[in-house]
Amino acid sequence: MGRVVVELFYDVVSPYSWLGFEVLCRYQHIWNIDLRFRPAFLGGIMQSTGNKPPAMLPKRAEYLQKDIVRMAKYYQVPLTFSEDVFQRILGKNSLGAMRFITAIDMTQPKYLEPLSREFWLRFWSQHEDISQVESILAVAEKAGLSSELTQKLLEMTSSPAVKNRLKETTEEAIKYGAFGMPAVVAHVNGKPHLFFGSDRLELLASIIGEKWLGPVPSAPSPKM
């Protein structure tokens, strides 16, 4: 049986995307999957589908603060909550960051995983800005990018090629049925199966015929 293609559509402003990202990274060498990272723009998905940020409903925002902390502990991801996080999310969007990530995906995909992780760490662990150029430069340095490559990528972010690529990826997620993030799409027997959120990965395992070993799996012992 061939490897199952699993696409992860994500935006670094989404905390649940980070949880799903880390768990799938842990499973990519345990399950028989071809994990493909698909950086997209959450703001575009929300606007296109008429969805609203969950924090706009006070009671839901109150619940999310507790839920995200519990999930982060369970998933063993260093995500923490700051009192102004919802204001930061609503006040500045992630478009610049996602264009930068898209540019690295188009040119140096080997950096895609560490770069994405550093954006999440900066925003959700260190509670710092990810929208300004200075912030993007700091993230790139942490991810191991050279200053020369970083400057090249920054120049690319304003190019039609990068803008169109991010737009197309976002539209592709919407065509699969995404209305938020993370959106995980597993291709089984020629059909795409959409899973929304980081708490549907056990169901994903069932659909692709793999075992769910919890959010922090250990690699199986080699066969003797």
Discussion item. I'd like to know whether Arg200 forms a side-chain contact (heavy atoms from CB on, under 4.5 Å) with Val184, so could you lay out the CA-CA distance, the side-chain angles of the two residues, the decisive distance to 0.1 Å, and finally the verdict.
Written reply: CA-CA 9 Å; Arg200 291 295 182 268; Val184 181; over 6 Å; no
Discussion item. With a 4.5 Å cut-off on side-chain heavy-atom distances among I, L, V, M, F, W and Y, is there a chain of contacts connecting Ile130 to Leu137?
Written reply: yes
Item to complete: Can you measure from CG (Asn51) to CE (Met181) and round to the nearest 0.5 angstrom?
Response: 11.5 Å
Practice prompt. List the atom of Ala186, the atom of Ile208, and the distance in Å for their closest heavy-atom pair.
Written response: CB-CG2, 4.0 Å
Worksheet item: Are any of the side-chain heavy atoms of Thr80 and His127 separated by less than 4.5 Å?
Response: yes
Response to the item:
dist Leu201:CG -> Ile207:CD1 (nearest 0.5 Å) comes out at 12.5 Å
Worksheet item: Do the side chains of Leu149 and Ile104 get nearer than 4.5 Å, heavy atoms only?
Response: yes
Discussion item. Show the nearest heavy-atom pair for residues Thr157 and Arg99, with the distance to one decimal.
Written reply: O-CD, 3.5 Å
Discussion item. For the backbone of Gly44 and the side chain of Ser48, can you confirm whether one donor and one acceptor N or O come within less than 3.5 Å of each other?
Written reply: no
Discussion item. Before you tell me yes or no, could you show the steps for Val13 and Asn93 under side-chain contact (heavy atoms from CB on, under 4.5 Å), namely the whole-Å CA-CA distance, both residues' side-chain angles and the distance that decides it to 0.1 Å?
Written reply: CA-CA 8 Å; Val13 80; Asn93 68 43; over 6 Å; no
Worksheet item: Can you check whether Trp18 and Phe123 have ring centres sitting under 6.0 Å from each other?
Response: no
Discussion item. Please determine whether salt bridge (Lys or Arg N to Asp or Glu O under 4.0 Å) holds for the pair Arg26 and Glu22, giving the CA-CA distance in whole Å, both sets of side-chain angles, and the decisive distance to 0.1 Å.
Written reply: CA-CA 6 Å; Arg26 295 165 189 166; Glu22 295 296 356; 5.2 Å; no
Practice prompt. Return yes if some donor-acceptor pair links the side-chain N/O of Thr170 with the main-chain N/O of Phe41 below 3.5 Å, else return no.
Written response: yes
Worksheet item: Is there a path of hydrophobic side-chain contacts, each under 4.5 Å between heavy atoms of I, L, V, M, F, W or Y residues, that connects Met46 with Leu95?
Response: yes
Practice prompt. Look at the side chain of Ser158 and the backbone N and O of Glu155, then say whether any donor-acceptor pair between them is shorter than 3.5 Å.
Written response: yes
Worksheet item: Just checking, any donor-acceptor pair under 3.5 angstrom between side chains of Glu7 and Tyr176?
Response: yes
Worksheet item: When the ring planes of Trp120 and Tyr10 are compared, do they come out parallel, tilted or perpendicular, using 30° and 60° as the limits?
Response: tilted
Discussion item. To the nearest 0.5 Å, what is the distance between CD1 on Ile33 and NE2 on His187?
Written reply: 12.0 Å
Worksheet entry | Phe21: which of Tyr16, Tyr27, Phe119, Phe37 passes ring pair (Phe, Tyr, Trp, His ring centres under 6.0 Å) | Phe37
Practice prompt. With rounding to the nearest 0.5 Å, note down the distance linking CG in Asp105 to CG in Leu153.
Written response: 11.0 Å
Fill in: Side chains of Glu141 and Thr150 in contact at under 4.5 Å (non-hydrogen atoms)
no
Worksheet item: From Ser14 OG over to Trp124 CH2, what is the distance, rounded to the nearest 0.5 angstrom?
Response: 8.0 Å
Worksheet item: Considering the options Leu64, Asp199, Leu79, which one meets the side chain to side chain contact (heavy atoms under 4.5 Å, CB included) requirement together with Met71?
Response: Asp199
Discussion item. I'd like to know if Leu203 and Phe179 are part of one continuous hydrophobic network [Ile/Leu/Val/Met/Phe/Trp/Tyr, side-chain heavy atoms within less than 4.5 Å].
Written reply: no
Worksheet item: Do Lys152 and Glu148 pass the side-chain contact (heavy atoms from CB on, under 4.5 Å) test, and can you show the C-alpha distance, the side-chain angles, and the key distance before you say yes or no?
Response: CA-CA 6 Å; Lys152 177 183 176 182; Glu148 182 181 1; over 6 Å; no
Worksheet item: Do you know the tightest heavy-atom contact between Ile45 and Gly180?
Response: CG2-N, 3.7 Å
Discussion item. Check whether Glu210 reaches the backbone of Asn32 with its side chain - one donor and one acceptor, N or O, closer than 3.5 Å.
Written reply: yes
Practice prompt. Using a strict cut-off of less than 4.0 Å between a Lys/Arg side-chain nitrogen and an Asp/Glu carboxylate oxygen, indicate whether Arg117 and Glu113 qualify as a salt bridge.
Written response: yes
Worksheet entry | Charged N-O contact under 4.0 Å between Lys175 and Glu172 | no
Worksheet, complete the sentence: For Pro182 and Ser198, the nearest pair of non-hydrogen atoms, with its separation, is CG-N, 3.8 Å
Worksheet item: Any link between Leu112 and Met156 through a network of hydrophobic side chains (Ile, Leu, Val, Met, Phe, Trp, Tyr) touching at under 4.5 Å?
Response: yes
Response to the item:
In terms of heavy-atom contacts, Cys25 and Leu35 come closest through N-CD2, 4.1 Å
Worksheet item: More than 12 foreign heavy atoms under 6.0 Å from CD of Glu202: is that the case here?
Response: no
Worksheet item: If Ile, Leu, Val, Met, Phe, Trp and Tyr residues are connected whenever their side-chain heavy atoms lie under 4.5 Å apart, and connections chain through other members, are Ile30 and Leu8 in the same group?
Response: yes
Practice prompt. Could you point out which residue of Val139, Leu115, Asp11 forms a side chain to side chain contact (heavy atoms under 4.5 Å, CB included) with Ile101?
Written response: Leu115
Item to complete: Anything under 30° is parallel, anything over 60° is perpendicular, the rest tilted; go ahead and classify Trp31 against Trp212.
Response: tilted
Fill in: Non-hydrogen atoms of Ala161 and Met106 that approach each other most closely
O-CE, 4.0 Å
Item to complete: Ignoring hydrogens and angles, tell me if any N or O in the side chain of Asn164 forms a donor-acceptor pair with the backbone of Pro160 under 3.5 Å.
Response: yes
Worksheet item: Between CD1 of Ile174 and OG1 of Thr169, what distance do you get to the nearest 0.5 Å?
Response: 11.0 Å
